[in-house]
Amino acid sequence: MSNSKIVPFVKWAGGKGQLLPQIRERMPKNYNRYFEPFIGGGAVLFELLPQNALINDINKALINVYRKICEEPEAFLEAVNKLDREMWEDGKAYYYSKREYYNDKLMRGEYDIELAALFVFINKHCFNGLYRVNTKGLFNVPYNQSRRLSVDEKLIRKVSHFLRGITIIDGDFEEACLQATKGDFIFLDSPYAPLNPTSFDSYTKEGFDIESHRRLARLYDNLTDRGCYCMLTNHNTEFINELYQGKGYKIDIVNVKRLINSDASKRVGEEVMIYNY
């Protein structure tokens with residue numbers, strides 16, 4: 001483990017930054033490998049800095065950023081700094097032109113340095129750092145009126161150095177756990193189940209529907225049978241509780257602030273932390 005402090009380089013809906021003390025408190029004291037099938041912004045990964053880890057996300061564009069920062073940090077920095085430097089006086093028009101260009105590259109499947117730089121630029125200049133796509137898979141979050149720098153160069157170099165020892169894949173969460181065996185620690189921060197049971201939104205066009213949550217619960221049981229240490233976080237809803245109750249798992253309820261809701265009065269909520277050890 002390194003002592004060098006690393007924080008997420010992108011903002012992510014449902015990011016676990018505020019839950020880090022509660023996660024650390026409940027983690028297994030010792031474990032072999034670390035698996036995070038829904039990496040998102042990576043708050044837990046960067047807090048723990050495990051030596052032997054596998055990270056995954058279904059969002060190919062997000063994983064492309066991790067890969068490019070890992071493999072080509074200087075080229076990535078050059079590309080993202082250029083986007084910042086060339087921002088027009090009319091920031092809004094510039095943001096929408098870059099968002100459109102990002103979507104064009106996404107549709108062509110161009111997972112390169114430029115797409116990674118655009119991803120981070122857009123993340124820093126879109127409303128609430130929210131990653132949301134429409135039914136065609138096009139990113140559609142509006143501008144946040146800011147002209148701030150997209151990255152901290154020193155942080156990106158630290159992240160790059162750390163990621164060189166990490167396995168980075170993109171795909172389904174079940175595939176990400178295929179190699180997990182007894183004594184490994186799997187942290188599962190899946191897309192949130194909706195607070196309103198009738199609305200299942202998604203942050204990628206593939207979606208994460210009711211059946212996906214059921215499939216995740218079956219995987220959790222399977223990993224438990226394999227002797228893995230598992231911790232899962234999600235909204236404290238009846239649906240999530242039903243999936244994990246009565247199996248001997250510990251279910252703790254913790255209070256959180258919801259950062260994404262535009263109505264400040266709705267920014268307080270409860271999450272469950274479910275662990276099997």
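By the ring-ring contact (aromatic ring centres under 6.0 Å, His included) test, F9 is found to be paired with Y66, residues two or more places apart in sequence or in another chain being considered. Scanning for salt bridge (Lys or Arg N to Asp or Glu O under 4.0 Å) contacts around D152 gives an empty result, with sequence neighbours left out. Residues that satisfy the ring-ring contact (aromatic ring centres under 6.0 Å, His included) test with Y102, not counting sequence neighbours, are absent from this structure. Considering only residues two or more places apart in sequence or on other chains, Y249 meets the ring-ring contact (aromatic ring centres under 6.0 Å, His included) condition with Y220.
Looking at N236, its side chain never comes within 3.5 Å of a backbone N or O of I253 through a donor-acceptor pair. Of the possible polar contacts, none joining the S160 side chain to the R157 backbone as a donor-acceptor pair under 3.5 Å is found. Between the side chain of R33 and the backbone N or O of Q179, at least one donor-acceptor pair lies under 3.5 Å. Listed for the R132 side chain is a donor-acceptor partner under 3.5 Å among the backbone atoms of N140. Under a 3.5 Å cut-off, the side chain of D184 and the backbone N or O of C228 do not form any donor-acceptor pair. For R215 (side chain) and E211 (main-chain N/O), no donor-acceptor pair under 3.5 Å exists by modelled atom type. Under the 3.5 Å distance criterion, the side-chain polar atoms of R67 are matched with a main-chain donor or acceptor of I168. Although no hydrogens or angles enter the test, the distance criterion places a donor-acceptor pair under 3.5 Å between the side chain of K250 and the main chain of Y277. Using modelled atom types, one side-chain atom of N234 and one backbone atom of A193 make a donor-acceptor pair closer than 3.5 Å. Not a single donor-acceptor pair under 3.5 Å links the side chain of D57 to the backbone N or O of L62.
At least one side-chain heavy atom of H125 sits under 4.5 Å from a side-chain heavy atom of D84. When side chains are defined from C-beta on, V133 does not count as touching V141, because their heavy atoms never get closer than 4.5 Å. Within the 4.5 Å cutoff, no side-chain heavy atoms of E270 are placed close to those of H235. Contact of the F185 side chain with the P50 side chain is not registered, since no non-hydrogen atoms from C-beta on lie closer than 4.5 Å. No side-chain heavy atom of D252 sits under 4.5 Å from any side-chain heavy atom of V272. Annotation: side chain of N52 is not in contact with side chain of N32 (no heavy-atom distance under 4.5 Å). Q18 is listed as a side-chain neighbour of V256, based on a closest heavy-atom distance under 4.5 Å. At least one side-chain heavy atom of Y31 sits less than 4.5 Å from a side-chain heavy atom of L48.
One hydrophobic cluster holds both F119 and Y101 under the rule that ILVMFWY side chains link at heavy-atom gaps under 4.5 Å. Hydrophobic cluster membership differs between V151 and L149, with clusters built from Ile, Leu, Val, Met, Phe, Trp and Tyr side chains linked at under 4.5 angstrom. Linking ILVMFWY side-chain heavy atoms closer than 4.5 Å, directly or via other members, places Y229 and L178 in two distinct hydrophobic clusters.
When all heavy atoms are compared, the tightest approach of N56 to I63 is C-CD1, 4.0 Å. Taking every heavy atom of both residues into account, V80 and S150 meet most closely at CG2-CB, 3.8 Å. Residues C177 and L219 share a closest heavy-atom pair of SG-CD2, 4.0 Å. A pairwise comparison of heavy atoms in R24 and E47 identifies NE-OE2, 2.9 Å as the closest pair. Listed here is the closest heavy atom pair of P37 and L188: CG-CD2, 3.6 Å. Across all non-hydrogen atoms, the minimal contact from A217 to Y244 is CA-OH, 3.3 Å.
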Ring pair (Phe, Tyr, Trp, His ring centres under 6.0 Å) between F38 and F173, intermediate numbers included: CA-CA 7 Å; F38 307 94; F173 61 87; 5.4 Å; yes

Derivation of the side chain to side chain donor-acceptor pair (under 3.5 Å) call for E174 and N222: CA-CA 10 Å; E174 278 194 78; N222 178 272; over 6 Å; no

Steps toward side chain to side chain contact (heavy atoms under 4.5 Å, CB included) verdict (I55, T167): CA-CA 6 Å; I55 61 172; T167 302; over 6 Å; no

Residue pair Y275, I251: steps toward the side chain to side chain contact (heavy atoms under 4.5 Å, CB included) verdict: CA-CA 7 Å; Y275 48 111; I251 303 181; over 6 Å; no

Side chain to side chain donor-acceptor pair (under 3.5 Å) assessment of E271 paired with Y192: CA-CA 10 Å; E271 292 200 9; Y192 282 131; 2.3 Å; yes

Working for side chain to side chain contact (heavy atoms under 4.5 Å, CB included), residues I58 and D170: CA-CA 5 Å; I58 192 85; D170 61 85; over 6 Å; no

Working for side chain to side chain contact (heavy atoms under 4.5 Å, CB included), residues E71 and F76: CA-CA 9 Å; E71 295 160 6; F76 167 79; over 6 Å; no

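Between E36 and Y34, the side chains place a donor N or O and an acceptor N or O closer than 3.5 Å (distance only, hydrogens not considered). A donor atom on one side chain and an acceptor atom on the other are not found under 3.5 Å apart for N128 and N144.
The distance from the NE2 atom of H161 to the CD1 atom of I6 is 8.5 Å, given to the nearest 0.5 Å. The structure places NZ of K124 at 13.5 Å from OH of Y95, a figure rounded to the nearest 0.5 Å. Taking CG of L77 as the reference point, atom CD1 of I69 lies at 7.5 Å (rounded to 0.5 Å). How far CD1 of I169 is from CD1 of I166: 12.5 Å, rounded to the nearest 0.5 Å. Rounding to the nearest 0.5 angstrom, the gap separating the CZ atom in F162 from the CG atom in L45 is 4.0 Å. Distance CD1/I240 to CG/L232: 7.0 Å, rounded to 0.5 Å.
Residue pairs meeting the salt bridge (Lys or Arg N to Asp or Glu O under 4.0 Å) criterion with at least one partner in residues 220-240, sequence neighbours excluded, are D221-K247. Residue pairs meeting the salt bridge (Lys or Arg N to Asp or Glu O under 4.0 Å) criterion with at least one member in residues 95-113, sequence neighbours excluded: K105-E110, K105-D112, K105-E114, R108-E110.
Under the 6.0 Å cut-off for aromatic ring centres, F187 and F35 do not qualify, their centroids lying 6.0 Å or more apart.
The 12-atom threshold is not exceeded at CD of E89, counting heavy atoms of other residues, nucleotides or ligands nearer than 6.0 Å. For CD of E78, the number of neighbouring non-hydrogen atoms (other residues, nucleotides, ligands) closer than 6.0 Å is 12 at most.
In this structure, K158 does not pair ionically with E153, as no charged nitrogen and carboxylate oxygen lie closer than 4.0 Å.
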